[in-house]
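All of these numbers come straight from a predicted model, not from anything done at the bench. Residues take their numbers from the sequence shown, with the count starting at 1.
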Amino acid sequence: MQESRRERKKRETRQRIVMAAIALFEEQGYEQTTVAQIAAAADVDPKTFSNYFGGKDEVLFVDAERDFDVMFQAIAARRPDEGPGELLGRMVQEYAAHRRPKIPDKEPEELSAAARVVLNSPTLQAKGLYVLLDLQQRIAGELVKAYPGELDPITAAAMTGALLGAVQHAGLASVRLGRSQEELWEASRRGVEVALHGLLSVRRRPDESA
């Protein structure tokens with residue numbers, strides 16, 4: 001469906017606020033930055049900021065959280081003869097297909113700036129961990145529901161943690177290495193591949209030493 005003019009303007013305003021916030025967080029620190037400063041840098045009214053975000057701690061996370069329902073919908077639409085691992089793999093693919101077109105192109109410096117902001121702020125690190133752990137628990141719970149009597153909660157939790165942890169850390173490694181946005185997507189795909197096929201599927205390259 002084609003994006004309407006109103007939707008495009010809202011997306012552009014949201015992105016302008018996010019970029020202004022990241023720049024200020026990196027320049028003067030997350031704790032020292034106020035909502036009023038972010039609004040001024042983004043050339044919007046503080047009330048406009050509040051229409052998009054509940055607080056400055058949501059700036060780097062709220063967009064992703066809005067799209068998590070795509071994952072739960074994928075689990076609810078479990079296909080006949082689809083195993084738990086296959087379902088989780090499809091869930092990630094559907095989330096990526098839904099989410100990535102909505103993310104503006106970013107240069108490696110922009111990607112690394114956002115990562116540095118989070119890694120340098122205990123508050124944002126805590127927020128990120130809360131979001132991730134909450135998502136893992138919810139997915140594991142829905143996975144058990146999708147396989148009543150077949151999948152136990154411990155196994156569901158291990159599968160979910162392995163998959164999301166692999167995606168998160170592969171992506172973070174790509175950003176730290178200064179890779180492009182497309183390489184970031186590829187790193188995430190590699191994380192999914194390792195999680196789905198297991199640690200023993202990874203082989204050393206011929207030129208790697210013991």
Side-chain angles (χ1 to χ4, degrees), residues 1-3 7 11 14 18 58 60-106 111 114-115 118 124-177 179-205:
M1 185 179 296
Q2 189 173 7
E3 184 181 41
E7 290 170 336
R11 174 176 55 78
R14 179 187 294 276
V18 170
E58 292 187 1
L60 298 178
F61 302 101
V62 71
D63 279 351
E65 290 185 84
R66 289 174 186 271
D67 294 328
F68 285 166
D69 281 346
V70 173
M71 296 188 182
F72 304 122
Q73 291 166 6
I75 296 174
R78 171 195 168 185
R79 298 169 182 172
D81 303 323
E82 187 174 43
E86 295 169 313
L87 175 52
L88 286 175
R90 178 171 61 80
M91 176 197 76
V92 172
Q93 290 177 343
E94 292 186 8
Y95 177 79
H98 170 83
R99 173 83 177 140
R100 288 176 185 173
K102 299 165 65 175
I103 302 176
D105 291 337
K106 297 179 182 178
L111 295 171
V118 174
L124 291 178
Q125 286 186 48
K127 175 71 174 180
L129 285 172
Y130 170 79
V131 170
L132 181 62
L133 289 174
D134 181 64
L135 176 63
Q136 289 178 351
Q137 291 175 8
R138 292 170 63 193
I139 289 176
E142 293 302 313
L143 198 60
V144 171
K145 291 179 185 177
Y147 294 90
E150 301 177 51
L151 187 65
D152 67 276
I154 301 298
T155 301
M159 294 177 70
T160 303
L163 177 62
L164 296 190
V167 171
Q168 180 194 38
H169 287 285
L172 182 59
S174 176
V175 170
R176 282 175 162 170
L177 290 169
R179 304 281 172 80
S180 68
Q181 186 160 291
E182 185 55 42
E183 288 174 312
L184 170 60
W185 301 150
E186 182 56 40
S188 297
R189 286 191 287 268
R190 179 58 175 152
V192 171
E193 179 183 319
V194 170
L196 291 181
H197 294 94
L199 300 179
L200 296 180
S201 69
V202 179
R203 295 287 184 263
R204 291 188 308 163
R205 294 176 182 174

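Once rounded to the nearest 0.5 Å, the distance linking CZ of Phe68 with NE2 of His98 reads 11.0 Å. Separation of atoms CD (Gln93) and CE (Met91) is listed at 10.5 Å; rounding is to 0.5 Å.
In terms of modelled atom types and a separation under 3.5 Å, the side chain of Arg203 and the main chain of Leu200 share a donor-acceptor contact. Judged by distance alone, the side chain of Ser174 and the main-chain N or O of Ala170 form no donor-acceptor pair under 3.5 Å.
The side-chain contact (heavy atoms from CB on, under 4.5 Å) test applied to Arg90 returns Ala74, Arg79, Glu82, Leu87, Glu94, not counting sequence neighbours.
Under the 4.5 Å side-chain criterion, counting only non-hydrogen atoms from C-beta, Val92 is not in contact with Tyr95. The shortest distance between side-chain heavy atoms of Ile75 and Met71 does not fall below 4.5 Å.
Across Ala166 and Ala195, no two heavy atoms sit closer than the pair CB-CB, 4.0 Å.
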Give the table of side-chain donor-acceptor pairs shorter than 3.5 Å for residues 127-143, with sequence neighbours excluded, one pair per line with atom names and distance.
from: Glu142; atom 1: OE2; to: Lys145; atom 2: NZ; distance (Å): 3.3

Anything under 3.5 Å between a donor and an acceptor, one on a side chain of residues 152-160, the other on a protein residue two or more places apart or in another chain? List them.
from: Asp152; atom 1: OD1; to: Thr155; atom 2: OG1; distance (Å): 2.7
from: Asp152; atom 1: OD2; to: Ile154; atom 2: N; distance (Å): 3.0
from: Asp152; atom 1: OD2; to: Thr155; atom 2: N; distance (Å): 2.9
from: Asp152; atom 1: OD2; to: Thr155; atom 2: OG1; distance (Å): 3.3
from: Thr160; atom 1: OG1; to: Ala156; atom 2: O; distance (Å): 2.8

CA sep, side-chain torsions, deciding dist, call: Glu182, Arg189, salt bridge (charged side-chain N to carboxylate O under 4.0 Å, His left out): CA-CA 11 Å; Glu182 185 55 42; Arg189 286 191 287 268; 3.3 Å; yes
